[in-house]
Amino acid sequence: LPNIGKGEKNGLILPQYGNAGDRGFFLRNIGYYLGINDFLGLTFDGDIYTRGGWRLGTTLDYKVRYKYSGRFNLELGLVRYNEPTDSDFRRSFSWRVRWNHSQQVDPAASFNDSVDISSSSTFQREVSFNTNDLFTNDLKSSISFRKNFNNLPINLTFAADHSQDLNEGTMSINLPTFS
């Protein structure tokens with residue numbers, strides 16, 4: 001959470017520009033950062049290509065010291081190759097949601113999540129230009145709540161997880177477990 005609580009101001013995010021042979025000229029990562037207050041920061045960014053493809057993203061960073069912190073990110077994208085009259089014309093829409101949250105409910109209880117889910121491998125392979133995304137084959141999510149009971153030898157845990165194989169196009173979800 002680099003911008004939260006450090007007096008950051010609002011401002012433009014300068015883009016990268018260039019030419020992609022299959023998509024045309026582009027502006028990537030053009031955006032705007034909005035420092036709402038010491039606890040919230042909001043980023044809007046996107047990519048645009050002259051042959052019709054685009055990506056839009058928003059990221060919300062939040063932090064309240066000693067209580068909770070997190071980051072929520074939503075991205076949508078459309079990939080378009082060639083012209084509609086071409087025999088190899090292709091267009092596909094995809095999305096990705098990421099959310100990380102950590103919260104100390106009380107001194108003996110905590111809630112944590114790490115969610116990463118996508119509509120398909122198209123987002124990682126063709127929409128995102130993050131190098132780590134290109135080599136990602138699996139997306140994993142987990143949500144957990146833990147409670148320790150003082151003066152008792154008992155711990156309580158509820159947990160659920162998700163795994164998505166981008167190569168196979170499969171997803172598995174483990175319903176909440178209790179221990």
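For reference, positions follow the sequence shown, starting with 1. Quantities reported herein were computed from a predicted structural model and do not represent experimental measurements.
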Practice prompt. May I have the step-by-step check of ring-ring contact (aromatic ring centres under 6.0 Å, His included) for His101 and Phe72, ending in yes or no?
Written response: CA-CA 8 Å; His101 179 83; Phe72 179 82; over 10 Å; no
Given side chains that start at C-beta, do those of [X] and [Y] come closer than 4.5 Å, heavy atoms only?
{"X": "Tyr33", "Y": "Phe44", "result": "no"}
{"X": "Leu139", "Y": "Arg96", "result": "yes"}
{"X": "Thr43", "Y": "Ile13", "result": "yes"}
{"X": "Leu76", "Y": "Phe93", "result": "yes"}
{"X": "Thr59", "Y": "Arg71", "result": "yes"}
{"X": "Trp95", "Y": "Ile117", "result": "yes"}
{"X": "Ile143", "Y": "Phe111", "result": "yes"}
{"X": "Leu78", "Y": "Arg91", "result": "yes"}

Worksheet entry | Name of the residue among Ser118, Ser120, Ser94 meeting side chain to side chain contact (heavy atoms under 4.5 Å, CB included) with Val127 |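 Going through Ser118, Ser120, Ser94 one by one, the side chain to side chain contact (heavy atoms under 4.5 Å, CB included) with Val127 is satisfied by Ser94 alone.
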Are more than 12 heavy atoms, taken from residues, nucleotides or ligands other than [X], located less than 6.0 Å from that residue's [atom1] atom?
{"X": "Leu56", "atom1": "CG", "value": "yes"}
{"X": "Tyr32", "atom1": "OH", "value": "yes"}
{"X": "Phe145", "atom1": "CZ", "value": "yes"}

Flag, side chain of [X] to backbone of [Y], donor-acceptor distance under 3.5 Å:
{"X": "Asp86", "Y": "Phe89", "value": "no"}
{"X": "Asn10", "Y": "Gly35", "value": "yes"}
{"X": "Glu126", "Y": "Val79", "value": "no"}
{"X": "Ser144", "Y": "Phe158", "value": "no"}

Worksheet item: Does the side-chain contact (heavy atoms from CB on, under 4.5 Å) test come out yes or no for Asn174 and His162, once each step is laid out?
Response: CA-CA 6 Å; Asn174 293 322; His162 148 270; over 6 Å; no
Can you give me the closest heavy-atom contact between [X] and [Y], atom names plus distance?
{"X": "Gly24", "Y": "Thr50", "answer": "CA-OG1, 3.4 Å"}
{"X": "Ala108", "Y": "Gln104", "answer": "N-NE2, 4.4 Å"}
{"X": "Asp138", "Y": "Asp165", "answer": "OD1-CA, 3.5 Å"}
{"X": "Phe25", "Y": "Asn19", "answer": "N-OD1, 3.5 Å"}

Worksheet entry | Electrostatic pair Arg28:Asp47 at N-O distance under 4.0 angstrom |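 Salt bridge between Arg28 and Asp47, a charged N being under 4.0 Å from a carboxylate O: no.
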Worksheet item: Could Asp106 and Lys147 be called an ion pair, given the rule that one side-chain N must be under 4.0 Å from one carboxylate O?
Response: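 Answer for the salt bridge query: yes.
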Worksheet entry | Check: Ser114/Asn100 side-chain N/O donor and acceptor closer than 3.5 Å |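 Yes, Asn100 and Ser114 have a side-chain donor paired with an acceptor closer than 3.5 Å.
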Worksheet item: Would Arg23 count as a cation-pi partner of Tyr49, with NZ or CZ less than 6.0 Å from the six-membered ring centre and within 45° of the ring normal?
Response: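 Positive - Arg23 is close enough to the ring of Tyr49 and near enough to its axis.
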